[in-house]
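So the structure is just underneath, and the comments pick up after that.
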Amino acid sequence: MGIPKNKREWLGLIQPDLLMNLTLRDLRSKYKRSVLGWTWSVFNPLVAVVVYSAVFSIFLRIEPSVGDPSGLDSYAVFLLVTLLPWQFHVTSLTEANRSITANSSLITKIFFPRWVLPTSAVLARFLTLIVEMLVLLILIALWEGHIAFQWIPVIAALMILQLLFTIGLALMISAANVYFRDIQHFLMVALQPWMFLTPILYPLNLVPADKEFLGISYRTLYQLNPMVSWAKAYRNVLYDLRFPSLERWLAILSATFIVLYLGFKIFNRLEPRMAEEV
Amino acid sequence: MVGTSNAITVEGLGKKFRLMQDRNWTLKATLLAGHRTRYEEFWALRDVSFEIPTGETFGIVGGNGSGKSTLLKVLAGILRADEGSAVARGRLSALLELGAGFHPELTGRENVYLNGSILGFTSREIRNLFDDIVEFAELEQFIDEPVRNYSSGMYMRLGFSVAIHVEPEILLVDEILAVGDLTFQKRCLDRFARLRDEGRTIVVVSHDLDMIGRLCDSSVWINKGELAAVGSSSSVLEDFISHDENSGMNVSDQSHHLRLKPDDLVKSLELVDVNGHSMSSAASGQPALIRVRYDADRAGEPATVALGLYRADGTHVSSINSGATTSAGNDVGVIEVDYEMPSLPVQPGTYEISIALHSRDMTKVFERHTHLFRFEVDPVAGSHQTGLVALGGNWAAKNVDESN
């Protein structure tokens, strides 16, 4: 497909109404017929913070780095500013991965652009991330007197880039999952170590820079994981109150656009036979 | 180029499916087997070419598994052709399944927006059409209820209403005219007639040959994936029906035995003649008997047998149940229950029988098989009647001279 020339063609390409309606469907149906409804979405990060704080901060005594220049020293905040984006990453991918196979009746009966299914699954989760991040900003302002509101534009930029990165990944795995149902199991296996190989529970400086593997330092290898850049950047902005370095931004931008491009490329490649394989 | 006024041009179309030998959906198997997984190819469509002029109502007929639904899905863009091409000119909408994509937990209103946007509407367009859609579906009262509380008729009506309001230039329809009660069906047909009068192209796949004959100017007959005939509906239907009579008769007989599993309570359902011979067709107005065998031991008690008679287009003709009259006295083993009709009171056509076994007090359903047995009702020579039922009356005339 070429570059759209007018508004009509852009709308045809982006499908804003279809995306919105599918996103609303995911959000509306999620907590239907549950008594606590939306409050469930609060429990997950809450329990995680309590458990991880207990294990890593109290038992294992991991020291959060002191915020520079904010001077903040709180493991809970240190953890939450990266944990919330990470949980978005995990749940988006698991839900988007199922989105094609779970909507097989749609795919085999109606023709519509299929990429909207994983994309709207990620979008639905993204809307909850926005709410969570706002609540986080308010809570740390109230409890720690830690004011990060002026950084909202930068946080928004990071979140939008993460959204695009996640959509790219979601497109790849959801399309592949139609052909190989292994992907869903693989995802469960991969996400666990991925979390521990991202500086969420501990600061990046605990990863040794002076030990080498094949002549490359552990820390350099470690930073090949694109989620490291996001974790670090979120922590810079929300915890340290500092603008992330240019290198971080470059890493984030290139990861986003490479993954998004590959995502659409792979998805378009696998789309034609989806209706018969799903 | 020929045929610039064609809404749809199909050229040398071929579609193949993979029949997996052992359908292993695993990465490991693919990696181990190298690039090629073992599968057999099966051509569902091969070398099909025809054109549909703009504004025409066009029928697709063929037996079960002939590839006609595959053809429709290729036209709709759901499946991609492996050979040749199918090109549609104009906004196209396919009615393959009504209410596909409805979410049971969402309300009718939310689902109208969802379904409408999947069918290609913008939210603004749906807002403008919303009242019409709801009114056409006759669901004003229930539109804010979750659709899981809808009856299947309500569900289908809403699905149909959303789909029909798309107002496409080309409409593809798969066997879904039998929606709702007769009034609603009538309105659906009116709506189709209106679309046709407006010069829109309509493509219909149906088993209801009557309807194809009435609605469609021309038709195509697909047989085992190949084009068997194309042309005016009357000639195509004639070819199809004569072919079907020669070869298709045994199919219905086999299919009903295939559908019963060894551990089902219902052992058999047959249509038998006065001599007790099984038959696959009966004659209108002549005696016929429906014979059911079921396993009373496993049912645990003598069952009430309920039979439903349907026309092939889904119209419900009649339902009957045996009440308590089916006890054979000694209710063990397999019991045979007969329902005897002195004269089969339906018009010629294709019919289907559904069966359910209930407990004696009708509070439990032991087993249900819908559209289990399919059979033909043949016309009786010299009989001239149409409609739903065979009244079976006799004409008499006598001279009544008033002056006497």
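Quantities reported herein were computed from a predicted structural model and do not represent experimental measurements. Proteins come first, then strands; the chains are lettered A, B, ... in the order of their sequence lines, and each starts at number 1.
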How are the rings of A:Trp86 and A:His89 set to each other: parallel, tilted or perpendicular (split at 30° and 60°)? tilted
Identify which of A:His185, A:Met20, A:Arg25, A:Gln15 forms the greatest number of heavy-atom pairs closer than 4.5 Å to chain B. A:Arg25
Donor + acceptor pair across side chains of A:Arg98, A:Thr101 (<3.5 Å): no
Test: B:Glu110 and A:Arg28 ion pair at under 4.0 Å: yes
For A:Met274, is it the side chain, the backbone, both or neither that has a heavy atom under 4.5 Å from a heavy atom of chain B? neither
Minimum heavy-atom separation for A:Thr82 to A:Ala231, with atom names? CG2-O, 3.3 Å
Show the nearest heavy-atom pair for residues B:Ala76 and A:Phe111, with the distance to one decimal. O-CB, 3.2 Å
Look at B:Leu106, B:Leu114, B:Ile78, B:Leu92 and state which one has the largest set of heavy-atom pairs under 4.5 Å with chain A. B:Ile78
Tell me, for A:Ile107 versus chain B, whether the close heavy atoms (under 4.5 Å) come from the side chain, the backbone, both or neither. backbone
Heavy-atom pairs under 4.5 Å with chain A: which of B:Ala94, B:Gly77, B:Pro104 has the most? B:Gly77
